[in-house]
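Have a look at the structure below before the remarks.
Please read all numbers here as calculations on a predicted model, not as lab measurements. Every chain is numbered from 1 and lettered A, B, ... according to where its sequence line falls, protein lines coming before strand lines.
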Amino acid sequence: MNSIDKNKNTFALTTPLYYVNDLPHIGSAYTTIAADVIARFERQRGKSVLLITGTDEHGQKIERTAAARGLEPQAHCDEIAAGFQTLWQKLDIQYDRFIRTTAPTHEAIVKEFFQRVWESGDIYLSQQKGWYCVSCEEFKEERELLEGRRCSLHPNKEVEWRDEQNYFFRLSKYQSQLEELYQTRPDFIGPSSRRNEVLSFVSQGLQDFSISRLNVEWGFPMPIDPSQTIYVWFDALLGYVTALLDPDTEPTLENALSKWWPINLHLIGKDILRFHAVYWPAMLMSAGVPIPDRVFGHGFLTMNGQKMSKSIGNIIDPVALVNRYGADAVRYYFMKEIEFGRDGDFNEKERFIPILNADLANDLGNLLNRTLSMARRYCGDKVPPISGKDIPPDNPLKAIGSDLGSRVAQAYENLAFSNATEAVLTLIRSGNKYIDEQAPWKLYKQGNQQAVEQVLYAVLESVRLAAYLLSPIIPNISNDIYQQLGFDTNFNDKTQINVSAAFIIHANWGILPNSQTLGEPRPVFGRLELPETGSA
RNA sequence: GGCUCAGUAGCUCAGUUGGUUAGAGCGCGGGACUCAUAAGCCUGAGGUCGUUGGUUCAAUUCCGACCUGAGCCA
């Protein structure tokens, strides 16, 4: 992070701008959940956060998909973009900007950026011949095609022969500058296995790539040659810049880059790493714009160990999943059970339901429930009249809780969501163990009121801290827990959360105020049952 | 073919500079308790740490070869 100003109080991050050829799939949801978790975490720490998501809407593939549906391209895009927004709402994604590359402001940004690259002398006209996969929107080498001239990524579509004059971007010119970037900023690409791949790719020598297309109507015309349209990727990447414009400001690069640039984190799937880690920085270098801090390519999801594909018919519909289990359950599973950066599996019966029941219902939810019941029965309506300072440092929960906040923060910073979750679970599990060891129900019968209060306070406070540290992942459950502990905090209030529950206070163990009135014990996460039908 | 990553208990994974009986969660067997969402706690079984050479007093941990799986090579 050498060149990164750690004191900067803003944090801008992006999901990919999702291609609107189809409704959102589970992979898009996965990326977006992770981005939202980071955004929520940074907001709690008091940063000004801008979470950018949106849709990439141009290109021949969209043109054809719309035509096949008998729709105008824009009508098709409107419908799919709305589908993304609906899903993000269901998943409690708090994005700040939803940029659509068909926005009028975007065209102005793309033109101005193009102009800069043009003036750098990095655009030239040349002949392009080869097999083109419309689904990838890319030229393919003969040797990478399957039998019958089919793209390996889209085996049911034949590639098309193209022989046309296109404008090219001088990527080759930036080879050494890119290599220097990777050297001086080792964290620019993550995880490190992906970084290695990029390094090896770049070291083989970079070739210029075409940034215009002939005979594609659905795109921005080339400023210097309106007979061609701008290549969809060139256009799409710049969506990250357009998204930075405040509403009602003049769409200029200067305005767009003034507050939030450079982006702190581009979160993407591993499939589009090359565009973000190679093409994108080169384009920015050409235009004289600083490079973002970090690009992280996470892994793919499999379904019961198998690659998901439409032809196999094992696609997870994210909307159906959230409708059935709720946002927190889905968010928790993906963040806890899948190591971010690596591929991970979704198995509803063997992992999804058992893990959620064990962690959220049995361990966390039940711990609150049993402790709250005792507290109300043995100590009245209020938090036991103890303060965190009264509890000795060798109390097992205090010992774990005292540096948990900083450890979890470190994990979130490293995008190690499963580590963050695991660390919090250690406290929760210790809470259950501690209760059984101390047996406050016995202490109460023995009339040892002081011990009862101390035990219950320590456990309630541990549940609170767990809820706080997990709130970026499970905001609704955390809300319920906080409410039952007598707070009126709302973890979904993104403008207030850094004030109402500031990290520097709430991430510590021992801050539960004993003046607070406890709420009714109600399960915060009901045990899940496997649906009767339709599960695999 | 070149390169990257992974291969540790039935399953998902920890194991940060090589060092006593290799860990966790889930699942499975047994037990004690009763505050609780039939949850929680204790306890047991279960691993030649992919295979094979080598370095070392000592390797899951370092080096080589090989096998298996995933991925990158425009």
Side-chain angles (χ1 to χ4, degrees), chain A residues 128 130 133 136 138-144 152-153 168-169 171-172 175 189 191-210 233 269-271 273-275 277-279 297 299-300 302 304-307 333 336-339 341-347 349-379 416 418-419 421-423 425-426 428-445 452 455-456 459 463 521-529:
Chain A
Q128 168 116 324
C133 173
C136 297
E138 268 192 306
F139 282 91
K140 298 284 171 178
E141 294 292 313
E142 180 98 41
R143 62 180 161 80
E144 55 179 329
S152 56
L153 298 176
F168 280 73
F169 173 69
L171 181 65
S172 54
Q175 166 121 13
I189 303 166
S192 58
S193 58
R194 298 284 148 207
R195 176 173 185 269
N196 290 339
E197 280 179 7
V198 171
L199 255 44
S200 112
F201 168 74
V202 172
S203 70
Q204 288 171 46
L206 294 171
Q207 286 179 22
D208 300 344
F209 67 99
S210 64
W233 264 108
K270 63 185 185 180
D271 53 328
L273 185 63
R274 207 171 68 214
F275 294 99
V278 183
Y279 296 8
F300 278 176
T302 56
N304 303 335
Q306 267 192 316
K307 202 176 267 193
Y333 180 80
K336 154 90 191 318
E337 274 300 290
I338 295 168
E339 166 131 354
R342 303 239 298 245
D343 287 357
D345 193 46
F346 178 87
N347 186 317
K349 183 179 168 188
E350 287 173 25
R351 289 182 66 196
F352 185 84
I353 289 182
I355 289 296
L356 290 167
N357 282 342
D359 291 0
L360 299 183
N362 300 352
D363 284 352
L364 175 61
N366 187 49
L367 179 60
L368 172 69
N369 199 244
R370 65 194 299 207
T371 314
L372 205 54
S373 300
M374 284 189 272
R376 286 167 58 99
R377 190 171 312 157
Y378 305 151
C379 312
S418 53
N419 290 353
T421 313
E422 204 58 60
L425 274 173
T426 306
I428 295 166
R429 293 189 184 119
S430 304
N432 276 312
K433 185 185 167 87
Y434 180 70
I435 280 208
D436 278 71
E437 282 169 357
Q438 299 296 318
W441 51 93
K442 275 188 194 159
L443 295 172
Y444 182 72
K445 284 175 194 156
V452 169
V455 169
L456 295 181
V459 178
V463 174
R522 282 176 289 109
V524 294
F525 186 86
R527 289 177 59 80
L528 302 175
E529 303 285 339

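Note on A/Tyr444: nothing from the nucleic acid sits closer than 4.0 angstrom, heavy atoms only. If you check every strand for non-hydrogen atoms under 4.0 Å, A/Pro523 touches a base. Residue contacts shown for A/Leu206 include a base, since a base heavy atom lies under 4.0 Å away. A/Gln204 comes within 4.0 angstrom of a nucleotide base, judged by non-hydrogen atoms across all strands. A/Lys307 comes within 4.0 angstrom of the backbone, heavy atoms only, and of no base. Within 4.0 Å (heavy atoms only), A/Val198 reaches no atom of the nucleic acid at all.
Between A/Lys349 and B/rC11 there is no side-chain N or O to OP1 or OP2 distance below 4.0 Å. Side-chain N/O atoms of A/Lys433 include one lying less than 4.0 angstrom from OP1 or OP2 on B/rC42. OP1 or OP2 of B/rG27 has not a single side-chain nitrogen or oxygen of A/Arg351 nearer than 4.0 Å. A/Arg342 has a side-chain polar atom (N or O) that falls below the 4.0 Å cut-off from OP1 or OP2 of B/rA14.
Each of A/Arg429 and A/Tyr279 has a nearest nucleotide on RNA chain B; the 5'-most of these lies closest to A/Arg429. With the nearest nucleotide of RNA chain B identified for both A/Ser373 and A/Tyr434, A/Ser373 has the one nearer the 5' end.
As rounded to whole Å, 18 Å separates atom P of B/rC73 from atom CZ of A/Arg195. The distance from atom CZ of A/Arg527 to atom P of B/rA36 is 17 Å, rounded to the nearest whole Å. Distance, A/Leu360 CG to B/rG40 C1': 16 Å, rounded to whole Å. Between A/Asn366 atom CG and B/rU37 atom P there is a gap of 7 Å when expressed in whole angstrom units. Taking atom CG of residue A/Asn369 and atom P of nucleotide B/rU34, one finds them 19 Å apart after rounding to whole Å. When the C1' atom of B/rU34 is taken as reference, atom CG of A/Leu443 falls 14 Å away, rounded to whole Å. Rounded to whole Å, the distance from CZ on A/Arg370 to P on B/rC41 is 8 Å. Taking atom CD on A/Glu337 and atom C1' on B/rA14, their separation rounds to 13 Å, with Å as the unit.
Look at the C1' atom in both B/rU55 and B/rC63: the space between them is 7 Å, to the nearest Å. Going from the P atom of B/rG7 to that of B/rU60 covers 15 Å, rounded to whole Å. One P atom belongs to B/rU21, the other to B/rC49, and the distance between them is 14 Å to the nearest Å. Nucleotides B/rU51 and B/rC67 place their C1' atoms 7 Å apart, quoted to the nearest Å. B/rA9 and B/rC28 have their C1' atoms separated by 12 Å, with the value rounded to a whole Å. Comparing B/rA6 with B/rU16, their P atoms are spaced 13 Å from each other, to the whole Å. Between B/rU56 and B/rG10, the two C1' atoms lie 36 Å apart (nearest whole Å). Taking atom P on both B/rA24 and B/rG46, the two are 15 Å apart, rounded to the nearest angstrom.
When Watson-Crick and G-U wobble pairs are counted only if both distances are under 3.5 Å, B/rC41 pairs with B/rG31. Pair assignment for B/rU68 gives B/rA6, based on Watson-Crick or G-U wobble hydrogen-bonding distances that are each under 3.5 Å. Across all strands shown, B/rG46 forms no Watson-Crick or G-U wobble pair with both key distances under 3.5 Å.
Side-chain proximity of A/Glu339 to B/rC13, B/rU34, B/rG25: nearest is B/rC13. For A/Tyr378, taking side-chain heavy atoms from C-beta onward, the closest of the listed nucleotides B/rA39, B/rC35, B/rU4 is B/rC35. Of the candidate nucleotides B/rU4, B/rC33, B/rG40, B/rG40 has the atom lying nearest to any side-chain atom of A/Asp363. Closest contact between the side chain of A/Asn432 and the listed nucleotides B/rG40, B/rG25, B/rA36 involves B/rG40. For A/Asn196, the listed nucleotide lying nearest its side chain is B/rC5; candidates were B/rA39, B/rC5, B/rA14. The side chain of A/Ser200 lies closest to B/rC3, out of B/rC3, B/rA24, B/rC73.
Among all heavy-atom pairs drawn from A/Leu206 and A/Gln175, the shortest one is N-OE1, 2.9 Å. For the residue pair A/Pro191 and A/Gly297, the shortest heavy atom distance occurs at CD-O, 3.2 Å.
For the pair A/Lys307 and A/Phe300, the cation-pi test (distance below 6.0 Å, angle within 45°) is failed.
Side chain to side chain, A/Ser210 and A/Gln128 meet the donor-acceptor criterion of an N or O pair below 3.5 Å.
For the pair A/Asn347 (side chain) and A/Asn304 (backbone), a donor-acceptor distance under 3.5 Å is absent.
Checked against the 6.0 Å centroid threshold, A/Phe169 and A/Tyr279 do not count as a close aromatic pair.
A/Asn362 contributes no side-chain N or O that forms a donor-acceptor pair with the base of B/rG40 under 3.5 Å.
In this structure, A/Arg370 pairs ionically with A/Asp436, as a charged nitrogen and a carboxylate oxygen lie closer than 4.0 Å.
The CZ atom of A/Arg351 lies 4.0 Å from the OH atom of A/Tyr333; values are rounded to the nearest 0.5 Å.
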